[in-house]
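Each remark here refers to the structure printed beneath this line.
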Amino acid sequence: MTATQSPDAAVTLIDVSARLGSLYTGLAGHSRHLLPYADAADPKQFPDTEDTMRLPPVANWFGSRSANLDWYRAAIGHRALHDQFGTFEFAMSSRPTQFSSTLADVEVAISTEATEFERFFSLFGYHVLAEQIFSVVEDVRVEFAARQVFRGLDEPIAAARSHDLSQRAPVRDLPTRQAFGELLVQLSLGADPVTVPAGLVAAASAAISALALIRTPGTTVADSAEVALRLYALMTGLPNLPVEGDTVDLPTTCSDQALPAPDRQRWPDAGRVRLEGDEVLESSLVPVSYRDELWPRFQTHSPATPQHQELIYRLTPDIWGSDEDSLPPEDDHHHHEHDHDDEGLHPIPHEHSEPTFDEPARAEGHLEVDSASSYVYDEWDCFREEYRRAWCRVREEVVPGQPGSTYYHAALERNRDLIPTLRRMTEDLRPERFLTVGRQREGDDIDLDAAIEAMIDLRAGRAPSDGLYLSRVAQQRDVSVAILVDMSSSTAESLDSTGASGGTTPRQLRILDVEMDSVALLSHVLDALHDNFAIYGFSGSGRAEVQVQVFKEFDEQLTAGVLSRFDNANPISGTRMGAAIRHASDKLSQEAAETRILIVLSDGRPYDMDYGQEYGDGLEMEYGARDVGVALEESHQQGVRTFLLTVDRDGLDYLRDICGDSGYEVLEEVALLPSRLLALYGDLAYN
Amino acid sequence: MSEQLSTRPLSDPSSSTEPYYRPVGDEVELFAAAYRDRLPVMLKGPTGCGKTRFLEHMAYTLRGTDPRTATPDGAMPLVTVACHEELTAGDLVGRYLLNAQGSEWVDGPLTSAVKNGGICYLDEVVEARKDTIVIIHSLTDHRRILPIAKLGVVLEAHPDFVLVASYNPRYQSAIKSLKHSTRQRFVAIEFGYPQEDAEAEIICREAGVESELGASLAALGAKIRNLGTGGLLEGPSTRLLIYAARLVADGVSPRRACESALTQAMTDDPTMQVGVREVINAVLPR
């Protein structure tokens with residue numbers, strides 16, 4: 001877009017994203033992330049998706065801030081209209097209100113797994129063009145419908161239309177087919193009259209009729225599909241050659257040109273053979289700046305899951321710093337070394353280079369502490385049904401902070417929608433234990449001592465105290481909580497995987513970010529409540545290198561220095577969960593609190609490079625899960641309540657086994673983590 | 001200077017005319033059936049959705065078995081107790097008070113209703129302490145008795161006595177929830193905000209405004225409630241929408257009325273206020 005105005009009038013997206021986000025959520029009924037174009041020169045590079053909306057980082061084409069803000073409102077409002085008026089509820093079988101249906105009668109030869117949109121657009125030879133035409137028609141429909149319901153959007157949308165219209169190329173200068181497409185767009189923007197070549201008058205009149213029809217109250221997306229189908233037939237029937245001759249100013253208000261029905265002989269045209277050189281005939285519609293591109297939402301995408309990431313991780317051993325040579329040969333001799341009698345499952349001994357201890361211990365694979373901040377823990381081997389003693393070495397490291405840290409406050413800002421929840425929690429998390437206190441002004445029972453003194457005072461002519469009752473007052477809580485955050489490599493996966501393949505954006509949230517956001521929010525509450533808490537991150541690079549990163553210890557205050565550690569949360573490698581749980585529980589059990597709670601946030605199965613793999617492919621999952629189950633049981637025996645919250649959608653498969661009937665939850669959406677963690681804490685600490 | 005105060009007994013309904021209530025489902029029939037069987041009833045629903053009005057309406061229309069129970073208007077007495085975290089068992093049952101002669105027992109509202117019959121309504125029951133609420137247990141099962149340890153008596157509930165409680169499930173914090181031993185003593189009737197057309201009708205009826213304004217405000221209410229998932233505790237209640245309509249009917253511009261009755265009433269958070277304002281400005285014309 002052009003016509004940049006004074007910098008004083010400019011509105012930046014980041015400054016108004018909160019209010020625009022609310023506007024969208026209110027009108028559409030659900031929220032979407034609002035992001036600036038990664039490349040303002042190429043908005044198509046990262047089009048809108050189901051979860052994201054992208055807009056220019058700055059609006060500065062009007063002479064005032066309010067007008068530029070209105071442009072954003074028009075853009076957001078327009079996007080919400082598609083949700084409000086059912087654009088994405090399209091179904092081929094839906095009956096239109098203005099047509100005796102043709103679409104519902106069409107049989108589509110396409111996979112039954114295809115979406116309704118995919119089935120519809122498969123009918124068209126030039127499906128991109130069809131999508132564009134459909135989008136324009138649908139834009140017209142929803143903006144017309146909005147005038148009945150969202151009257152406050154009238155002015156912003158009218159101004160945005162007018163601005164866009166002023167930037168469009170004249171129809172008369174374009175080849176016929178391109179001119180027709182441009183005409184459609186300009187009609188959708190309210191152009192009146194339209195100046196068209198004389199040779200295009202008939203087609204233009206039909207288009208005017210079509211768009212007038214779609215502006216009938218009560219039309220649905222099925223009507224838009226029918227209109228799009230006819231306009232497509234009309235447009236592709238035009239030669240894509242320059243038109244010579246005079247131009248005509250065609251009013252858009254009074255056309256009774258009948259819209260031609262699609263040619264049933266040619267329709268559907270999915271089977272049409274695309275001739276060589278056909279592409280020169282292709283036309284496309286130039287988009288409107290404030291409207292969203294709908295086409296990405298006509299297609300289905302399957303974003304990579306954390307498990308995909310984990311799988312990649314497993315299949316790329318180089319990342320682990322090991323290679324095939326480090327693995328022992330799988331000979332029968334080793335398989336029979338251990339006295340084990342079930343199903344032929346026997347561990348293949350490791351040869352780690354790290355241990356430097358005495359030979360007997362080394363032979364057993366035992367590890368030892370090798371620094372003041374290292375700890376050694378057993379690990380449960382479910383196949384041998386015994387502990388592997390001193391099998392894991394946890395290295396504890398305080399995460400370095402940095403001046404000018406921003407993460408913690410950015411996390412609160414990013415989750416500002418939850419701030420009211422935070423406040424309510426801090427207000428509501430009141431102690432539930434009570435002490436009986438005498439000499440109160442109100443209470444359930446008379447305080448006899450106070451009453452007797454009052455009677456004495458009365459008889460002695462003194463003013464008695466009015467504190468005559470026994471009352472029950474609240475007692476302080478006694479809770480310590482440790483939060484253990486999975487920092488495995490799979491937490492590096494971006495949540496915005498549908499935004500753009502391979503692209504980068506200014507701020508793509510990773511799973512780890514959402515975990516840390518959740519922890520930041522909970523920290524906010526815990527700090528306000530003066531509850532005792534610690535925050536640890538964990539990962540694993542083999543049994544000798546289980547990392548536990550300290551973001552906050554129990555005895556630390558939530559100072560700026562501690563908060564600055566949040567900025568340095570980064571994914572590491574595997575998910576050695578059992579050892580991390582044992583370490584955190586040990587630390588918790590040293591806290592003199594009546595209630596001790598361990599909350600584990602995870603994004604996937606327990607998995608590390610030597611976490612049961614020796615039993616064979618696939619069995620390492622069971623090994624890791626069983627070890628975690630035993631570690632949790634050990635925690636319970638230490639008086640620690642545990643809860644495992646995972647965003648791994650397959651979590652039910654193994655958590656049910658390792659956690660029993662309670663103490664875990666599988667979240668369908670990563671985005672739910674912050675709110676669920678907050679609610680969970682209330683449940684754990686106070687029930 | 002002596003001041004003449006207008007007073008009425010706690011058990012009198014607020015109106016001598018039938019309170020307006022527009023049913024949105026089968027709640028009227030359900031409550032009537034529960035009352036016939038003297039089953040305790042739990043009204044669940046968000047703030048301002050009409051729970052209390054519904055109960056006033058039912059108290060006005062229901063009739064007990066004992067004619068002496070009824071108020072002069074023929075309605076069932078309705079005793080409302082607004083529960084809060086400082087509410088004690090003594091506040092419900094009664095307590096000894098000191099006076100110059102010694103001490104005197106004074107019945108609490110629950111005891112009064114148990115003795116005399118009528119509806120005892122524990123509003124926002126979840127706000128009360130759990131140790132307070134357990135005293136209703138023996139009243140809410142087949143026993144229908146109220147033991148008063150301080151008096152050494154066990155009161156049998158009047159045949160026309162029924163206990164009704166309400167709470168707002170959305171408002172509950174993570175730690176505030178009813179014990180199962182309490183909640184499973186009630187028949188529950190769930191309330192929500194009415195559908196847009198019904199809410200528009202209620203707004204028009206209660207505020208005396210034209211249907212177009214009622215429809216706009218009902219649509220606006222639904223849109224602002226969408227923000228609830230984003231952090232607002234609760235969207236505007238029907239009651240607030242009625243207030244907004246009344247302001248408009250009294251000459252205040254629609255946007256200003258909504259600013260006062262909705263935005264400012266719902267939240268003090270500046271960020272949320274801006275968000276609510278955006279929705280209002282999208283729905284209502286300039």
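Order of the sequence lines sets the chain letters (A, B, ...), proteins ahead of strands, with each chain counted from 1. Values below: all heavy atoms of this structure, side chains included; hydrogens, waters and symmetry mates excluded.
The parts of Leu97(B) that come within reach of chain A are both its backbone and its side chain, each placing non-hydrogen atoms under 4.5 angstrom from that chain. Looking at Ile446(A), only its side chain comes within 4.5 Å of chain B, counting heavy atoms on both sides. Of the two parts of Arg255(B), only the side chain, counted from C-beta on, holds a non-hydrogen atom closer than 4.5 Å to a non-hydrogen atom of chain A. With a threshold of 4.5 angstrom between heavy atoms, Asp70(A) approaches chain B through side-chain atoms but not through N, CA, C or O.
Of the options Val274(B), Val279(B), Val276(B), a side-chain contact (heavy atoms from CB on, under 4.5 Å) to Arg19(A) is made by Val274(B) and by none of the others. Among Leu27(A), Leu23(A), Val16(A), the single residue meeting the side-chain contact (heavy atoms from CB on, under 4.5 Å) criterion with Glu278(B) is Leu23(A).
Of the listed residues Gly152(A), Ser22(A), Gly77(A), Ala146(A), the one with more heavy-atom pairs under 4.5 angstrom with chain B than any other is Gly152(A). In terms of heavy-atom pairs under 4.5 angstrom with chain A, the leader among Ala222(B), Gly275(B), Ala215(B) is Gly275(B). Between chain B and the residues Asp445(A), Ile76(A), Asp154(A), the largest count of heavy-atom pairs under 4.5 Å involves Asp445(A). Between chain A and the residues Leu284(B), Ile280(B), Val283(B), the largest count of heavy-atom pairs under 4.5 Å involves Val283(B).
A pairwise comparison of heavy atoms in Tyr96(B) and Tyr469(A) identifies O-CE2, 3.8 Å as the closest pair.
Note that the OG atom of Ser103(B) and the CG atom of Leu468(A) stand 12.0 Å from one another [nearest 0.5 Å].
Counting non-hydrogen atoms of other residues, nucleotides and ligands closer than 6.0 Å to CD of Gln264(B) gives a total above 12.
Looking at heavy atoms from C-beta onward, Tyr24(A) lies out of side-chain contact with Asn226(B) at the 4.5 angstrom threshold.
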